[in-house]
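First the structure, in the form of structure tokens, and then the observations on it.
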Amino acid sequence: MREPVLKAVCMPPRLFWAPAIVAGANLIVQFSLMLMWVGLTGRSLMPFIISIPIAHAAIVAWGSKDPHLSKMLVSWGRSGPTSTKNVYRCRGTKFAP
């Protein structure tokens with residue numbers, strides 16, 4: 001009973017051996033740039049066919065160093081602004097009015 005829970009916590013989701021969120025974002029960016037490239041220039045797709053595996057290999061290497069990279073990026077995005085604004089004019093930063 002404990003093994004599936006521990007495996008889900010210890011091994012985050014992966015997409016072709018890379019962290020899932022980062023690899024998915026990479027594929028979305030690469031494919032959108034590829035479609036714009038073809039639409040605007042009409043040239044060959046060879047630079048993108050080469051760059052997609054290179055970028056994915058870099059993400060795999062980065063993900064093997066830090067397997068919880070996706071969760072770190074999600075939590076970093078939710079952290080919000082670091083500075084606060086004062087309600088009244090005063091010196092310094094106050095958390096309560």
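Counting from 1, the numbers follow the sequence of the chain as shown.
- Here Val60 pairs with Trp17, Ala18, His56 under the side chain to side chain contact (heavy atoms under 4.5 Å, CB included) rule; sequence neighbours left out.
- By the side chain to side chain donor-acceptor pair (under 3.5 Å) test, Ser51 pairs with Gln30, sequence neighbours left out.
- Both Leu15 and Val29 sit in one connected hydrophobic cluster of ILVMFWY residues. Membership requires side-chain heavy atoms under 4.5 Å apart, directly or through other members.
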Going by atom type alone, with no hydrogens or angles, which donor-acceptor pairs under 3.5 Å involve a side-chain atom of residues 19-27 and a protein atom two or more places apart or on another chain?
none

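- One hydrophobic cluster holds both Ile50 and Met36 under the rule that ILVMFWY side chains link at heavy-atom gaps under 4.5 Å.
- Connection of Phe31 to Ile59 is not established within any shared hydrophobic cluster, with ILVMFWY side chains joined at heavy-atom distances below 4.5 Å, either directly or through further cluster members.
- Residues satisfying the side chain to side chain contact (heavy atoms under 4.5 Å, CB included) test with Leu45, not counting sequence neighbours, are Met34, Val38, Ile49.
- Remark: Ile28 pairs with no residue by the side chain to side chain contact (heavy atoms under 4.5 Å, CB included) rule, at least two apart or across chains.
- With sequence neighbours left out, Trp62 forms a side chain to side chain contact (heavy atoms under 4.5 Å, CB included) with Leu69.
- The side-chain hydrogen bond (donor to acceptor under 3.5 Å, both in side chains) contacts involving residues 36-45 comprise nothing, where partners must be two or more places apart or lie in separate chains.
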